[in-house]
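Okay, structure first, notes after.
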Number of protein chains: 8
Amino acid sequence: MKPIVSIIMGSTSDLNVMLEAAKILNEFSIPFEINALSAHRTPEIVMDFAENASKRGIKVIIAGAGGAAHLPGVIAASTILPVIGVPIKSSNSIDGWDSILSILQMPAGIPVATLSLDGAKNAGLLAIQILGTSDEKIQNKMIEYKLELKNKIIKANKELSEIKYEYKTN
Amino acid sequence: MKPIVSIIMGSTSDLNVMLEAAKILNEFSIPFEINALSAHRTPEIVMDFAENASKRGIKVIIAGAGGAAHLPGVIAASTILPVIGVPIKSSNSIDGWDSILSILQMPAGIPVATLSLDGAKNAGLLAIQILGTSDEKIQNKMIEYKLELKNKIIKANKELSEIKYEYKTN
Amino acid sequence: MKPIVSIIMGSTSDLNVMLEAAKILNEFSIPFEINALSAHRTPEIVMDFAENASKRGIKVIIAGAGGAAHLPGVIAASTILPVIGVPIKSSNSIDGWDSILSILQMPAGIPVATLSLDGAKNAGLLAIQILGTSDEKIQNKMIEYKLELKNKIIKANKELSEIKYEYKTN
Amino acid sequence: MKPIVSIIMGSTSDLNVMLEAAKILNEFSIPFEINALSAHRTPEIVMDFAENASKRGIKVIIAGAGGAAHLPGVIAASTILPVIGVPIKSSNSIDGWDSILSILQMPAGIPVATLSLDGAKNAGLLAIQILGTSDEKIQNKMIEYKLELKNKIIKANKELSEIKYEYKTN
Amino acid sequence: MKPIVSIIMGSTSDLNVMLEAAKILNEFSIPFEINALSAHRTPEIVMDFAENASKRGIKVIIAGAGGAAHLPGVIAASTILPVIGVPIKSSNSIDGWDSILSILQMPAGIPVATLSLDGAKNAGLLAIQILGTSDEKIQNKMIEYKLELKNKIIKANKELSEIKYEYKTN
Amino acid sequence: MKPIVSIIMGSTSDLNVMLEAAKILNEFSIPFEINALSAHRTPEIVMDFAENASKRGIKVIIAGAGGAAHLPGVIAASTILPVIGVPIKSSNSIDGWDSILSILQMPAGIPVATLSLDGAKNAGLLAIQILGTSDEKIQNKMIEYKLELKNKIIKANKELSEIKYEYKTN
Amino acid sequence: MKPIVSIIMGSTSDLNVMLEAAKILNEFSIPFEINALSAHRTPEIVMDFAENASKRGIKVIIAGAGGAAHLPGVIAASTILPVIGVPIKSSNSIDGWDSILSILQMPAGIPVATLSLDGAKNAGLLAIQILGTSDEKIQNKMIEYKLELKNKIIKANKELSEIKYEYKTN
Amino acid sequence: MKPIVSIIMGSTSDLNVMLEAAKILNEFSIPFEINALSAHRTPEIVMDFAENASKRGIKVIIAGAGGAAHLPGVIAASTILPVIGVPIKSSNSIDGWDSILSILQMPAGIPVATLSLDGAKNAGLLAIQILGTSDEKIQNKMIEYKLELKNKIIKANKELSEIKYEYKTN
């Protein structure tokens with residue numbers, strides 16, 4: 001199957017974080033591709049990638065980067081696809097603030113959908129929700145997924161209620 | 001025409017910022033609706049809104065809020081639609097940091113696509129890009145839109161080149 | 001005994017922090033209950049919880065959450081009881097700033113009494129002080145408690161005075 | 001009527017902010033007093049105030065201060081009453097961060113219920129909620145108050161729906 | 001004369017700030033050019049610009065941008081010339097922090113010489129110092145320039161000494 | 001009378017802030033001098049100043065600066081006198097954070113006594129307290145000064161008590 | 001010998017940091033005392049301490065505290081002695097920002113000489129410099145101390161020069 | 001060979017970070033020297049160093065420091081050479097913010113080319129780019145260096161493409 005989501009990261013050192021996006025796409029049976037390409041080391045490859053993604057059948061791009069994280073914005077500049085940005089708290093990042101602000105604060109005209117620090121799983125889920133806007137099957141899977149999340153915490157809460165304290169009462 | 005994008009804000013004082021989303025949707029001829037509903041003052045109406053948005057034909061939700069900005073996250077909790085969050089630097093906000101972090105840092109499972117502070121125009125554009133993933137006409141308009149952005153700055157640059165300095169040379 | 005304080009947290013991973021509230025309530029013989037319910041995964045259960053807490057005899061709610069910490073505010077939206085918020089420095093938090101600002105910066109009309117980062121013990125003590133406003137017995141216990149705090153540090157100070165330095169003189 | 005809530009501020013320059021607490025208490029017919037006393041200029045008066053507040057019939061203390069805002073914590077040190085702290089963005093404050101952190105980050109044993117920057121109205125409402133824990137009449141007024149908040153935004157939302165845009169549809 | 005310094009900014013709204021670089025270059029008789037080109041709106045023109053700057057005789061590039069300020073880094077990616085970055089506190093910037101971090105925190109391999117917020121004058125001076133490393137005439141002018149700075153403050157200090165206070169003594 | 005306190009600032013644009021130090025020294029009849037000398041524009045004059053201050057009879061140095069505020073630290077490096085630093089929120093400062101951190105975070109061995117942002121009045125008072133450690137007359141004046149501060153707020157508080165609210169009671 | 005410097009900390013958990021002040025005082029043969037007293041747990045003892053310090057012969061007070069660090073300010077309120085504040089990055093502190101701002105941002109009238117985070121050694125040195133303003137012997141020791149600091153780094157620099165790199169040349 | 005780049009650091013504890021600059025200079029066969037001299041402990045040696053660097057044949061100075069990092073600015077004050085500043089996250093630094101702001105926010109007239117936190121490698125590369133402005137051989141080496149960076153990530157990306165996921169497709 002041809003990939004419809006493209007995961008891209010600025011460095012292979014970001015792989016551990018970005019795999020969370022891959023896993024959730026896998027769980028939803030969404031075909032995807034993974035690349036590590038740097039806006040600063042391979043700018044023309046990144047630009048080619050961005051310009052051709054739509055023609056290759058890609059529908060959503062997930063881009064993760066740390067530090068002065070230009071990758072998501074640089075890709076958004078050269079595509080009309082929705083670009084999802086994942087700020088990464090890499091070793092060369094100042095507690096993640098640089099990554100967040102470099103991705104979030106894009107100028108008017110070139111949006112990047114920014115997620116939480118290291119939030120690659122949510123990036124995958126947002127890609128799935130975007131695909132779901134024109135695919136009822138995906139939407140139904142998402143309904144199930146949210147039900148599971150709910151049931152998991154209800155179950156955890158039940159276990160919690162069995163801990164005993166002298167004055168605890170539920 | 002039935003709305004397919006829903007713009008919602010936590011307070012009518014956010015209207016000036018959020019109208020930028022409305023304007024760009026208008027420019028792309030995307031039917032939309034606008035509501036002001038508070039996650040804290042009308043929680044059950046917000047929950048109803050979120051639970052029923054998909055059934056009413058809404059495909060993307062744009063939610064703006066300031067301060068402890070819970071509205072986008074509370075809506076995302078009760079819908080499977082993509083939710084776009086706009087942090088607003090309202091009068092009760094600490095330079096916008098509270099709004100940004102309250103929207104951005106959602107837990108795994110419940111993504112909110114966060115845009116820049118007061119970035120309602122980009123929220124509208126992201127909604128359009130999302131709709132474009134299944135609508136070629138919208139994508140073509142987006143290509144034109146980006147071309148215009150480009151031409152505008154090229155023209156501005158030309159005007160710049162006519163300013164004269166003694167040692168300025170282009 | 002029916003619980004009069006309700007401790008609630010956004011995830012069971014917050015349990016270690018929130019147990020400090022339970023322990024101090026136990027020490028003051030205040031009956032309480034503990035729940036883990038998420039504003040984002042189980043929104044309608046949280047709303048039910050908040051709407052019915054007062055009718056069930058609860059007098060004070062202590063809510064802890066990390067990251068985009070909406071739980072205390074979402075509960076405060078649907079109850080007239082005092083809600084005490086505990087920002088938690090969870091793994092998905094940016095040094096705790098997101099949790100603090102998401103809880104602290106509530107809009108006018110819906111207060112959340114916010115305590116220090118991971119300050120669950122103080123949340124328990126504040127709940128006790130609130131109950132004490134209409135219960136002299138609790139107030140008397142609080143007087144004793146503060147006396148103990150005082151005596152503990154006076155004793156520690158005495159031990160300190162026995163360390164000898166050449167020019168140290170007390 | 002004897003006051004049961006005491007509003008105290010570090011300087012009369014904080015009066016404009018703190019009057020919001022007075023107004024909401026007035027609206028709920030809660031008898032209160034207002035004082036301006038400084039933890040740094042009149043420390044022994046503040047300590048006397050704190051030690052005797054409970055005996056004088058005060059049930060809740062609301063303390064506002066800016067900059068290195070020690071007043072709420074210093075009062076909390078010498079009373080067993082619940083102390084509500086209002087960080088104030090005064091002229092000598094660094095965007096309010098100093099006031100917030102000086103009030104919020106109290107050590108274990110001495111809680112201060114902290115509200116949003118300049119959040120004196122919410123301080124008044126929290127005091128009312130605390131008094132409501134033992135006074136059903138107050139609780140009933142609070143129910144009405146929240147209903148009004150709700151109706152106000154529902155009405156504002158209705159007015160919003162009458163604005164016409166070409167593609168706006170609700 | 002062919003330009004040897006190239007000033008580039010992300011938007012013509014940055015012109016007022018960036019003119020300070022032009023003025024100081026003018027003062028030192030360094031031939032320069034000015035362009036407004038956006039890394040996000042005209043990515044391929046920016047890349048062309050960067051790739052060809054050296055061939056066109058440019059020796060130093062000064063790039064200013066605000067918000068998610070990618071321009072200096074994107075240029076640095078495609079040139080071997082020294083790139084000087086000027087973070088700009090534009091209207092869409094969060095007090096300048098986003099601009100600073102987006103420019104400063106470049107990954108290893110692709111340096112950007114970052115100056116203070118709105119520090120375009122210092123950017124011009126740094127460009128002059130760089131040119132001075134191989135041009136003694138420029139270095140001599142710089143020595144004079146620093147002497148002037150010194151004399152200006154010595155003169156201001158003298159004027160200060162004439163203000164009289166009762167107990168002031170110099 | 002020969003000056004015993006030396007006020008120094010990095011630029012005459014800091015004069016308005018630093019005059020607060022001069023005024024309070026005047027009020028206490030402490031002879032002082034004022035200079036504007038820059039650590040960056042007149043480094044060798046600043047070093048001379050610092051090395052000779054003690055010999056000239058100066059007992060305390062008050063140094064104010066904004067932005068990358070090196071002046072207090074550079075002076076502290078070349079004197080054995082106590083150096084009091086005043087961070088100034090000048091136009092080239094990022095909300096004062098740069099000034100504060102540049103002065104506060106001195107390495108072990110070279111202390112600078114840092115005061116609040118724009119806190120020149122307190123700098124003057126600290127200088128007076130330091131002189132008071134060996135001069136009982138100054139200490140007695142300081143006792144009076146603190147009494148005045150106290151009486152001023154007691155008087156302001158009295159005026160406050162005359163404002164009438166329906167339910168206000170003191 | 002009677003102590004002339006008093007070291008005080010908010011909790012014995014701050015002892016490790018504050019001992020650096022004790023060590024340097026010892027090195028300079030300055031008699032001192034150490035106490036652990038909390039502004040929040042033993043307010044009246046702290047006030048007594050502050051009011052009587054001068055009468056007991058104390059000349060300088062060094063106060064260290066973490067989190068909402070009120071101790072230095074509360075002491076400064078009740079003494080006319082110079083108070084040196086040491087912000088401590090304790091376990092309940094938000095990266096030290098709370099401690100720094102709670103100590104630094106004192107209101108006009110009540111200065112606290114603030115040092116760097118965990119900067120107890122510099123606090124001791126500042127106390128020594130203050131005592132030196134009226135004691136030439138101490139000043140002479142300080143001159144020697146600074147010479148040692150200088151010689152230590154000159155020696156370290158010499159060792160550095162012996163490391164060999166291919167193109168390293170000194 | 002006589003050194004043309006001078007690496008200087010505030011303390012030998014910064015050596016590990018600063019060696020990255022040395023290594024890259026070595027790789028480009030640029031002769032350099034390394035010194036550890038403190039702006040605060042050896043101010044007059046630092047000033048001598050800065051004043052004479054140009055005469056000794058130095059063309060670029062790289063200065064690294066942590067905390068209140070005055071070294072780069074103090075050197076820039078006394079030389080007309082380009083000064084590159086490396087903020088260091090030393091043990092006495094507040095997450096690096098103090099080092100960054102102390103170096104970055106230099107006043108108009110005295111630029112310091114600031115690099116990322118601990119970015120000594122990029123400091124070396126910037127020095128090389130500066131030397132390259134008048135040395136084609138160096139520029140050619142830099143072209144090769146950037147090609148290597150590019151090939152390294154292209155190779156890493158190829159390896160990435162061999163990882164298999166069920167729905168991964170490239």
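Below, read A as the first sequence line, B as the second, and so on, with proteins coming before strands; counting in each chain starts at 1. Everything numeric here is computed off the predicted structure, so don't read it as measured data.
In this structure, the side chains of Leu104(E) and Leu115(H) stay at 4.5 Å or more apart for every pair of heavy atoms. Proximity of Ile130(E) to Gln129(H): side-chain heavy atoms (C-beta onward) are nowhere separated by under 4.5 Å. Residues Gln105(H) and Leu117(E) form a side-chain contact, since some pair of their non-hydrogen atoms from C-beta on lies under 4.5 Å apart. You'll find the side chain of Leu81(E) reaches within 4.5 Å of the side chain of Gln139(H), heavy atoms only.
If you measure heavy-atom distances from Lys121(E) to chain H, the contacts under 4.5 Å come from the side chain alone. For Ile103(E), no part lies under 4.5 angstrom from a heavy atom of chain H. Only the side chain of Ser54(E) comes within contact range of chain H, with heavy atoms under 4.5 Å apart. Looking at Ala120(E), there are no atoms closer than 4.5 Å to chain H (heavy atoms on both sides), in backbone or side chain. Contacts between Ala76(H) and chain E at a heavy-atom distance below 4.5 Å involve the backbone alone (N, CA, C, O). Heavy atoms closer than 4.5 Å to chain H are found nowhere in Pro87(E), neither backbone nor side chain. Both the backbone and the side chain of Ile110(E) come within less than 4.5 Å of a heavy atom in chain H. Within the 4.5 angstrom heavy-atom criterion, only backbone atoms of Ala77(E) (N, CA, C, O) approach chain H. In this structure, the portion of Leu149(E) lying under 4.5 Å from any heavy atom of chain H is its side chain and not its backbone.
For the options Gly119(H), Pro82(H), Ala113(H), heavy-atom pairs under 4.5 Å to chain E are most numerous at Pro82(H). Of the listed residues (Gly124(H), Pro107(H), Gly132(H)), the one with the most heavy-atom contacts under 4.5 Å to chain E is Pro107(H). Contact count versus chain E (heavy atoms, under 4.5 Å) is highest, among Ile100(H), Ile80(H), Leu131(H), Thr133(H), for Ile80(H). By number of non-hydrogen pairs under 4.5 angstrom with chain E, the leading residue of Glu20(H), Lys150(H), Met106(H) is Met106(H).
Judged by distance alone, with hydrogens and angles left aside, the side-chain atoms of Lys146(E) form a donor-acceptor pair with the main-chain N or O of Thr79(H) at under 3.5 Å. Looking only at distances, no side-chain donor or acceptor of Asn122(E) sits under 3.5 Å from a matching main-chain atom of Val112(H).
More than 12 heavy atoms of other shown residues, nucleotides or ligands fall within 6.0 angstrom of atom CG in Asn151(E). For Asn16(H), the CG atom counts as loosely surrounded, since its 6.0 Å shell holds 12 or fewer non-hydrogen atoms of other residues, nucleotides or ligands.
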